[in-house]
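Scroll down for the structure; my scribbles are underneath it.
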Amino acid sequence: MATTPLTQAELSELTAGLDRLARNLWWSWDQDAQELFQELSPRGWQNLYHNAVAVLRELSPYELRVRLQEPGFAGRVRKVLADFDQYLQTKTTWAAANAPALVGQPVAYFSAEFAFHETLPIAAGGLGALAGDHAKSASDLGLPFVGISLFYQEGYFQQGFNHENWQTEYYTQLHPQNLPLEPVLTGAGVPLVGSVRLQGAVVYFHAWRVNVGRVPVYLLDTNRPENEPHHRDLTLRVYGGDSTTRILQEIVLGVGGVRLLRALGYRPGNFHMNEGHAAFLTLELIREKMAAGMPFAEAGLRTKQECLFTTHTPVEAGHDRFSSDLMRYAAGKFAEGLKLGHEDVMNLGRVRTGDLSEPFCMTVLGLRFSRAANGVSELHGQVSRDMWRELYHTTDASEVPIGHITNGVHLVGWMKGTMRRVWRRKFQEQFPNRMDHDFVTDANTPEFWKKLADPSVISDAEVWSLRYKLRRELIEFARRRLLLQGRTFSQGDFITFDSFLNPDALTIGFARRFATYKRAPLIFDRFEEVVRLIRDTKRPIQFVFAGKAHPRDDMGKAFIQKVIHLSKFSELKGHLIFLENYDIHVARQMVAGCDIWLNNPRRPLEASGTSGMKTTTHGCLNLSILDGWWREGFDGKNGFGIGPDSHPDDVNEQDRVDSENLYRALTEQVIPLFFQRDADGIPREWIQRIRHAWVTLAAQYSTWRMVQEYTQKYYLRP
Ligand SMILES: *Cc1c(COP(=O)(O)O)cnc(C)c1O
């Protein structure tokens with residue numbers, strides 16, 4: 001059948017459409033859209049790290065027009081563009097029905113990091129992943145929402161290693177023209193420029209807009225010609241530099257962020273601080289009111305009505321504290337607008353007001369000027385109430401007004417293509433009255449999982465073959481990565497690496513920041529026993545590790561070094577691998593391909609944890625200490641728990657007990673169940689656990705549920 005060639009007008013419409021599509025991160029959670037870009041340049045897609053904007057720039061306008069003439073291709077582009085427009089324009093969202101009061105008064109969500117996609121590495125870890133997923137779900141739900149963060153031109157560090165396998169850091173430049181970023185312009189078409197007072201100087205910033213589906217996220221950037229060089233570099237790196245850089249970044253984020261929103265005409269109904277980094281926004285809101293003639297006390301009370309605070313960690317280092325001198329030096333000029341003396345400003349960030357020895361704490365400032373605050377799991381809520389009793393002048397933790405909302409993940413965004421194709425097909429078959437594009441919303445509902453997890457919809461044999469497929473994909477991904485990262489290896493390594501990892505083995509994954517409380521090498525405390533386990537050829541197991549340590553965290557780097565040494569020089573070689581440069585892309589491969597997701601933090605320091613939630617839809621089961629979300633999610637049958645719902649006070653004792661409990665759970669439950677096969681070679685009870693995890697965990701630990709909870713509990717001010 002001959003097809004009529006497209007007209008020039010049609011071609012122009014489609015190329016403009018593709019360009020528009022590439023500049024909205026919606027494509028990063030729409031599979032059909034990704035496949036268009038991938039098909040336009042399969043190698044570019046891989047080498048440019050799945051960057052739609054960069055792939056389009058690779059093609060000449062002529063090539064693109066010719067490619068669009070391929071039979072069927074233009075039709076698929078039209079279908080994706082129609083889905084995209086329908087997504088952007090639909091009026092029947094959850095928020096339209098459930099939160100109409102927020103129209104015209106959006107939630108302004110401030111976060112020092114946002115993880116959206118691997119090509120925009122402006123996050124250090126879980127906090128950023130959560131913020132990115134929060135924004136994506138706010139978009140899916142149709143919530144009036146605007147995000148604020150910084151544009152870090154060098155992003156978060158890339159992980160390298162020296163010859164001693166000690167982590168080194170290097171940075172690569174991000175190029176806005178190659179990213180889904182648009183400069184924020186004035187009506188006259190020139191960059192919109194704002195300023196803040198820092199160290200007595202005026203520091204200017206402009207901003208970049210990231211389109212995250214329906215919601216904008218603005219990234220402030222001080223790299224402007226008017227600024228002194230050291231101020232131009234202020235927003236260069238995520239948590240870069242020393243505490244001076246940190247405080248200055250936080251002033252730009254909090255104060256500059258509010259000013260940018262005002263310049264753009266926003267009148268947010270809620271200012272939501274994602275962790276203490278953004279807490280200076282409260283001082284700007286107070287200053288604004290004082291500039292309009294309100295006295296400080298009243299301005300403070302009014303500001304408190306507008307603000308919300310989410311705390312994310314009980315770990316001391318997670319709470320920024322600045323000395324009096326640093327505050328005076330960095331923020332003195334800004335604070336003049338508050339008409340307060342220096343000690344009065346300091347007291348806003350002190351638990352014990354008047355205690356001159358106490359530094360200024362950003363969390364304290366945020367809590368002080370928030371009408372509501374929350375931790376990120378039930379246990380973390382309890383721990384936070386206990387931690388902040390003194391700030392609320394009570395010894396009774398139950399009187400501390402900090403609640404909790406347990407974290408979630410943007411389910412569909414984390415789903416690997418292989419699995420998403422399966423779930424989409426089943427969805428179309430099982431819910432014939434729903435549209436294909438409803439998948440993105442419906443996959444977050446308990447009904448979806450209840451129906452699709454049934455053996456009549458997906459048989460044990462199908463689940464098991466999918467598990468094999470996903471494990472195979474991870475192994476091949478890992479072998480390729482090992483080859484690329486194997487700087488000190490030789491030619492024969494092609495063969496060596498292809499013998500690494502066994503497609504039949506129970507594959508245990510561990511990947512997250514190598515913060516010491518997460519105790520990455522805990523399992524290897526029982527090295528001899530683990531060696532015995534990996535030598536069991538009838539019941540083989542293997543480990544895949546990944547993660548970055550903070551540049552100044554030598555303990556974390558020592559943990560990584562230990563894991564790498566074991567992987568290269570011990571009996572575990574070939575059965576334990578370390579994947580370098582952990583990021584969202586590596587995370588997605590691992591949460592899909594592993595059978596077990598291991599988490600062994602020192603309780604109760606894992607406030608929530610989210611990586612384990614990304615595994616569920618892929619049929620990977622959690623094996624975790626009962627901390628954070630898993631303490632709530634685990635019901636005895638949807639994965640595996642390590643130890644009881646309590647912990648010894650002494651940390652050495654805790655490490656010993658946890659290592660023992662971990663080993664016991666692994667050898668007494670996990671390994672036997674995985675290798676308990678019936679006549680067809682299928683581990684029926686294991687698969688039963690996977691089904692039960694789908695039903696009990698997937699919808700519950702989504703940001704779809706989480707953002708609804710924030711809306712109903714907090715944003716709507718009940
Ligand atoms: C999800 C995610 C995290 C968070 O992992 P936790 O186990 O919750 O600490 C960190 N980094 C990346 C890249 C992630 O995708």
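Quick caveat: nothing in here was measured; it's all calculated off a predicted structure. Counting starts at 1 for both ligands and their atoms, in listed order.
- Near Gly125, meaning under 4.0 Å from any of its heavy atoms, are these atoms of ligand 1: 10 (C), 11 (N).
- Figure legend: Lys548 and Phe157 shown as a cation-pi pair, the cationic atom lying under 6.0 angstrom from the six-membered ring centre and within 45 degrees of its axis.
- Proximity annotation for atom 9 (O) of ligand 1: of Lys518, Glu118, Arg513, Lys518 comes nearest, heavy atoms only.
- Numbered from 1 in the order shown, with element, the atoms of ligand 1 that lie under 4.0 Å from a heavy atom of Ile584 read 13 (C).
- Gln34 and His50 share no side-chain donor-acceptor pair at under 3.5 Å.
- Residues Phe640 and Trp686 bring their aromatic ring centres within 6.0 Å.
- Residue-ligand proximity, Gly609 to ligand 1, at heavy-atom distances under 4.0 Å covers atoms 8 (O).
- Here is the list of ligand 1 atoms found below 4.0 Å of a heavy atom in Ala587: 15 (O).
- Contact annotation: for Asp583 versus ligand 1, heavy atoms closer than 4.0 Å belong to the backbone alone.
- Each of the following atoms of ligand 1 lies closer than 4.0 Å to a heavy atom of Lys614: 1 (C), 2 (C), 3 (C), 14 (C), 15 (O).
- If you check which protein heavy atom lies closest to atom 10 (C) of ligand 1, you get Gly126 N, 3.5 Å.
- Salt-bridge annotation for Glu476 and Arg480: absent, with no side-chain N of the basic residue lying under 4.0 Å from a carboxylate O of the acidic one.
- Under 4.0 Å is where a charged nitrogen must lie from a carboxylate oxygen, and between Lys557 and Glu169 at least one such pair does.
- At a heavy-atom cutoff of 4.0 Å, ligand 1 is contacted by the side chain of Trp414 but not by its backbone.
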Evaluate the ring-ring contact (aromatic ring centres under 6.0 Å, His included) criterion for residues His585 and Phe477: first the C-alpha distance (whole Å), next the side-chain angles of each, then the deciding distance (0.1 Å), finally the verdict. CA-CA 11 Å; His585 180 56; Phe477 170 80; 5.5 Å; yes
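- Looking only at protein heavy atoms, the nearest one to atom 12 (C) of ligand 1 is Tyr582 CE2, 3.6 Å.
- For Ser611, heavy-atom contacts with ligand 1 shorter than 4.0 Å involve the backbone as well as the side chain.
- Comment: Glu580 does not engage Arg481 in a salt bridge, judged by the lack of any side-chain N to carboxylate O separation of less than 4.0 angstrom.
- Inclusion of Thr610 in the set of residues having an N or O under 3.5 Å from an N or O of ligand 1 is warranted.
- Arg424 has a carboxylate O that lies under 4.0 Å from a charged side-chain N of Asp32, or vice versa, which qualifies the two as a salt bridge.
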